[in-house]
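For reference, the structure discussed in these notes is given below.
FYI, side chains are in, hydrogens and waters are out, and symmetry mates aren't considered; it's all heavy atoms of this structure. For reference, positions follow the sequence shown, starting with 1.
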Amino acid sequence: MQPIRLVTALLTAVALVVPLSATASAAPPTADQHGKTLRQAAPKKFRIGSAVAGGGHHETMPYPDPFTADRPYRDRLAAEFSSVSPENQMKWEYLHPERDRYDFAAADAIVRFAQRNHQVVRGHTLLWHSQNPAWLEQGDFTADELRAILRDHVRTVVGRYQGRIQQWDVANEIFTETGELRTTDNIWLRELGPGIIADVFRWTHQADPHAELFFNDYGVESVNAKSDAYLALIQQLRAQGVPVHGFSAQAHLSTRYGFPADLEPNLKRFSTLGLETAITELDVRMDLPDGGVPTAEQLTQQADYYRRTLTACLNVRGCDSFTIWGFTDQYSWVPVFFEGEGAATVMWEDFSRKPAYYALRSTLADRR
């Protein structure tokens, strides 16, 4: 599905916000005529972030690599956000394409970009069941060999970026919806057992003692079997002295479903343990009407979901990292993976701003 363009008639119909900005410019935007950028509006020490488009589904789309080729995109990424997360560029299939070869070019470029623009970086991800290279998933390795491969990967990758990654998603999506460990499709858990979770946190901490180390997952916004499983596991690991510092909810939301109203109390359960919390991959997809243009009512509901997610984070002590999973529909993953859904980000493909953008900015400004 091609990215969706907002027609002029809809722009004038949306009375929720001030008028949207003009089309993209090659000049780096600082603050538009309506006020500050998101990072300028944010409270001190609160990190507002975005995924950096690249890899994954982008390779099948009719455009060049977004981060490399799209200067206006990079300009807005720098202006609007104080934190960046590689969307795919630090996953195993990109960083470690062969057993004895690493490819750091794409990840290095993002880290350099962040340093130039005074941004922090969230590392994503070290232990996951998905987007692993074929040589790993299809290899005939002993348990000792697999353990050595994982340890080498963690030490090499984390060590390379020591001091330049604020937070790492160390273990990503390790539980099923019923709160059971993914012992079938996660090669590490299946072949090495659950004890490998503690090991990978320890190895990461040894490679970069200053980075904050997180569990990260989708479907954990509410108090449910999956978030309960994380709560129990983290308590167990911390009692053993394992360096677990945080828990993050991805927050891939849809207007098909009600907003997770218990997001704030759920995050507070983890904060009470002395953990950092974060929102790491927020987008809000919707069912697109015939013609592909969301209604004003849909945009209002989407803005409300963005605002309520941010408010929940701001209300929880230690939730000071808030990342949206891309900021423009031009590069969103949603239409590729969710047929009939889209328009999930805070900007249209020409970088004009949606009600959701203004909802985030006003919420941030109210907390300064």
Side-chain angles (χ1 to χ4, degrees), residues 47 49-56 58 65-68 74 77-78 81-137 139 141 145-172 187-188 192 196-216 242-246 248 276 278 280-281 321 323:
R47 302 294 187 176
S50 174
V52 178
H58 301 287
D65 177 71
F67 179 71
T68 303
R74 293 196 306 274
L77 182 67
F81 302 100
S82 56
S83 175
V84 292
S85 299
E87 185 177 11
N88 293 288
Q89 300 94 329
M90 284 189 178
K91 293 172 181 174
W92 272 72
E93 66 177 340
Y94 292 98
L95 273 188
H96 205 159
E98 299 174 18
R99 182 176 181 179
D100 298 319
R101 182 173 70 88
Y102 290 86
D103 184 353
F104 291 107
D108 282 356
I110 293 171
V111 173
R112 288 195 300 267
F113 176 88
Q115 289 180 307
R116 288 196 305 270
N117 292 287
H118 308 288
Q119 297 164 312
V120 298
V121 181
R122 296 197 78 259
H124 180 76
T125 177
L126 298 173
L127 184 151
W128 192 25
H129 67 276
S130 185
Q131 291 188 253
N132 289 322
W135 70 263
L136 176 64
E137 292 284 351
F141 300 112
E145 287 174 324
L146 273 178
R147 180 181 171 84
I149 288 169
L150 179 57
R151 184 176 61 240
D152 176 78
H153 180 92
V154 170
R155 290 176 174 174
T156 301
V157 173
V158 179
R160 182 181 186 87
Y161 300 113
Q162 181 181 9
R164 295 185 288 170
I165 302 288
Q166 183 199 34
Q167 299 176 345
W168 271 106
D169 290 331
V170 176
N172 193 51
I187 186 174
W188 311 113
L192 302 178
I196 195 62
I197 299 168
D199 289 336
V200 76
F201 272 91
R202 291 190 178 104
W203 295 334
T204 306
H205 185 63
Q206 290 166 1
D208 189 349
H210 299 294
E212 299 170 356
L213 311 185
F214 278 69
F215 283 101
N216 185 59
V242 179
V244 179
H245 306 131
S248 54
E276 301 292 312
T280 53
E281 303 182 22
S321 179
T323 298

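In this structure the side chain of D208 never reaches within 4.5 angstrom of the side chain of Y161, judged on heavy atoms. Within the 4.5 Å cutoff, side-chain heavy atoms of Q206 are placed close to those of R155. You'll find the side chain of R164 stays beyond 4.5 Å of the side chain of V121, heavy atoms only. Looking only at side-chain heavy atoms (C-beta outward), L150 and W203 come within less than 4.5 Å of each other. Counting heavy atoms from C-beta on, the side chains of V242 and R202 come closer than 4.5 Å. At least one side-chain heavy atom of H245 sits under 4.5 Å from a side-chain heavy atom of H205. Looking at S248 and R122, their side chains come closer than 4.5 Å, going by heavy atoms from C-beta outward. The shortest side-chain heavy-atom distance between H124 and N172 falls under the 4.5 Å cut-off.
In this structure, S321 contributes its side chain and A278 its backbone to no donor-acceptor pair below 3.5 Å. In this structure a side-chain-to-backbone donor-acceptor pair under 3.5 Å is present from D65 to T68. Side-chain atoms of Y94 never come within 3.5 Å of backbone atoms of Q131 as a donor-acceptor pair (strictly under, hydrogens ignored). The main-chain N or O of F214 is never found under 3.5 Å from a side-chain atom of W168 such that the two would form a donor-acceptor pair. The closest donor-acceptor contact from the side chain of Q89 to the backbone of E87 lies under 3.5 Å. Side-chain atoms of H153 never come within 3.5 Å of backbone atoms of T156 as a donor-acceptor pair (strictly under, hydrogens ignored). Under the 3.5 Å distance criterion, the side-chain polar atoms of Q119 are matched with a main-chain donor or acceptor of L77.
The two atoms that bring N132 and E93 nearest to each other are C-CB, 4.3 Å, heavy atoms only. Closest approach of I187 and L136 over heavy atoms only: CD1-O, 3.6 Å. What you find for N117 and A78 is that their closest heavy atoms are OD1-CB, 3.3 Å. Considering every non-hydrogen atom in both Y102 and H96, the closest pair reads OH-CE1, 3.1 Å. The nearest pair of heavy atoms linking G123 to I165 is N-CG2, 3.5 Å. When all heavy atoms are compared, the tightest approach of V154 to A207 is O-CB, 4.4 Å.
Side-chain atoms of E281 and N216 form a donor-acceptor pair, as typed in the model, at a separation below 3.5 Å.
Stacking of R160 on the aromatic ring of F104 is recorded, both the 6.0 Å distance cut-off and the 45° axial limit being met.
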Task: Residues D169, W128; criterion side-chain contact (heavy atoms from CB on, under 4.5 Å); working and verdict - done: CA-CA 10 Å; D169 290 331; W128 192 25; over 6 Å; no
Task: Derivation and outcome, side-chain contact (heavy atoms from CB on, under 4.5 Å), residues W135 and R101 - done: CA-CA 11 Å; W135 70 263; R101 182 173 70 88; over 6 Å; no
Open item on the list: Is there a side-chain contact (heavy atoms from CB on, under 4.5 Å) between D199 and R147? Walk through the geometry before answering.
Closed with: CA-CA 9 Å; D199 289 336; R147 180 181 171 84; 2.5 Å; yes
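With values rounded to the nearest 0.5 angstrom, R47 atom CZ is found 11.0 Å from T323 atom OG1. Taken to the nearest 0.5 Å, the CG atom of L146 stands 9.0 Å off from the CD1 atom of I196. Taken to the nearest 0.5 Å, the CG atom of N88 stands 11.5 Å off from the OG1 atom of T125. Q166 contributes atom CD, which lies 8.5 Å from atom CD of E276 (distance to the nearest 0.5 angstrom).
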